[in-house]
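A quick write-up on the structure given underneath.
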Amino acid sequence: MNASTDTKESSEALVRDFLGAWEDRDVDRICGGFAEDAIYHNVPVAPIHGIDGIRKIFDAFLEAFETAKLEVVNLAAEPGLVIAERVDYFLMRNGNKIALPVTGVFIVKQGKISRFSDYFDLADFERQSGLKL
């Protein structure tokens, strides 16, 4: 796929598949839409560079959370750009329940997510989860 085929529709479909994959807890599907040199940035903390590091952090999330659902509230898409306002729901293995408002910004190049930035209230996440990012 080349950059000119990163249509609004294909960019949106890629991001919706990524977000939906969390419910199935399938790390291969979750990571499958990322470029090898992708950047993942939970904006309150340092960015992660490369699919190996991204897979490692996603594996850690899956280990900590028993269930995950990333519910899209609003989504705007353009060729190569998707912005998804969400509420992320997690049930942690320790029993804590998390409902976290998040806005994700996805840059899509050549059919893969090249950059994924999530904007959320870090203190809210840490209070609800008991974790420190």
Side-chain angles (χ1 to χ4, degrees):
M1 201 178 253
N2 63 41
S4 65
T5 61
D6 291 328
T7 65
K8 173 182 173 176
E9 294 78 13
S10 66
S11 298
E12 178 177 342
L14 178 66
V15 169
R16 285 190 185 275
D17 184 64
F18 163 75
L19 296 173
W22 284 90
E23 274 190 77
D24 295 333
R25 304 177 50 78
D26 180 347
V27 74
D28 290 331
R29 184 170 155 222
I30 291 168
C31 291
F34 283 84
E36 287 294 317
D37 61 349
I39 297 170
Y40 169 51
H41 192 186
N42 274 328
V43 173
V45 298
I48 298 168
H49 297 263
I51 192 61
D52 292 339
I54 293 169
R55 178 180 286 273
K56 185 177 176 181
I57 195 69
F58 289 171
D59 276 334
F61 286 152
L62 291 172
E63 180 64 29
F65 303 123
E66 190 171 315
T67 63
K69 179 176 177 159
L70 283 57
E71 181 180 290
V72 175
V73 176
N74 289 297
L75 187 141
E78 290 296 329
L81 173 66
V82 178
I83 300 172
E85 178 188 11
R86 315 183 312 265
V87 178
D88 291 358
Y89 297 97
F90 301 105
L91 174 60
M92 297 186 64
R93 294 195 187 279
N94 67 11
N96 289 1
K97 292 180 181 179
I98 298 170
L100 186 69
V102 180
T103 296
V105 177
F106 299 82
I107 305 299
V108 176
K109 292 182 181 172
Q110 298 179 338
K112 296 285 186 178
I113 298 167
S114 66
R115 183 174 182 89
F116 167 35
S117 301
D118 256 349
Y119 298 84
F120 62 96
D121 183 333
L122 181 60
D124 187 24
F125 172 80
E126 290 178 344
R127 179 186 53 75
Q128 290 186 64
S129 70
L131 298 175
K132 290 280 187 194
L133 289 186

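Because the structure is predicted, anything quoted here is derived from the model rather than measured.
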Exercise for review: Determine which pairs satisfy side chain to side chain donor-acceptor pair (under 3.5 Å) with at least one residue from residues 55-70, sequence neighbours left out, and list them in order.
Suggested key: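 Qualifying pairs, neighbours excluded: D28-R55.
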Enter the distance from [X]:[atom1] to [Y]:[atom2] here, rounded to the nearest 0.5 Å.
{"X": "L100", "Y": "D121", "atom1": "CG", "atom2": "CG", "result": "7.5 Å"}
{"X": "T103", "Y": "F120", "atom1": "OG1", "atom2": "CZ", "result": "11.5 Å"}
{"X": "L91", "Y": "K97", "atom1": "CG", "atom2": "NZ", "result": "6.5 Å"}
{"X": "F61", "Y": "R25", "atom1": "CZ", "atom2": "CZ", "result": "12.5 Å"}
{"X": "L70", "Y": "D88", "atom1": "CG", "atom2": "CG", "result": "3.5 Å"}
{"X": "L81", "Y": "D6", "atom1": "CG", "atom2": "CG", "result": "11.5 Å"}

Check your understanding: Is there side-chain contact between N42 and I57, with heavy atoms separated by less than 4.5 Å?
Key ->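 No. Closest side-chain heavy atoms not under 4.5 Å.
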Practice item. For residues T5 and S10, determine if any side-chain heavy atom of one lies less than 4.5 Å from a side-chain heavy atom of the other. Key: no
Review point. Using links of under 4.5 Å between side-chain heavy atoms of ILVMFWY residues, direct or through other members, which residues join Y89 in one cluster?
Key: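 V73, V87, listed by chain and number.
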Is it possible for you to say whether [X] and [Y] belong to one hydrophobic cluster, with membership spreading through side-chain heavy-atom contacts below 4.5 Å?
{"X": "V72", "Y": "V105", "answer": "no"}
{"X": "V43", "Y": "F125", "answer": "no"}
{"X": "L62", "Y": "I51", "answer": "yes"}

**Study point:** Whether S114 side chain and I107 backbone form a donor-acceptor pair below 3.5 Å
**Key:**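 Confirmed, S114 side chain pairs with I107 backbone.
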Review point. Any sub-3.5 Å donor-acceptor pair from K8's side-chain atoms to V82's backbone N or O?
Key: no
Considering all heavy atoms, the nearest [X]-[Y] contact:
{"X": "D118", "Y": "G104", "value": "OD1-CA, 3.2 Å"}
{"X": "S117", "Y": "R115", "value": "OG-NE, 3.3 Å"}
{"X": "F116", "Y": "I113", "value": "CB-CG2, 4.0 Å"}
{"X": "S11", "Y": "G80", "value": "OG-N, 3.0 Å"}
{"X": "I39", "Y": "P47", "value": "CG2-CB, 4.0 Å"}

Exercise for review: Apply side-chain contact (heavy atoms from CB on, under 4.5 Å) to the pair F90 and N96, showing each step before the final yes or no.
Suggested key: CA-CA 8 Å; F90 301 105; N96 289 1; over 6 Å; no
What pairs of donor and acceptor atoms, side-chain ones from residues 12-22 against any protein atom, are under 3.5 angstrom apart with sequence neighbours left out?
| residue | atom | partner | partner atom | Å |
| --- | --- | --- | --- | --- |
| E12 | OE2 | R16 | NE | 2.8 |
| E12 | OE2 | R16 | NH2 | 3.3 |
| D17 | OD1 | R29 | NE | 3.2 |
| D17 | OD1 | R29 | NH2 | 2.9 |

Check your understanding: Are Y40 and F58 close enough that their ring centers fall under 6.0 Å?
Key ->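 Yes: the rings meet the under 6.0 Å criterion.
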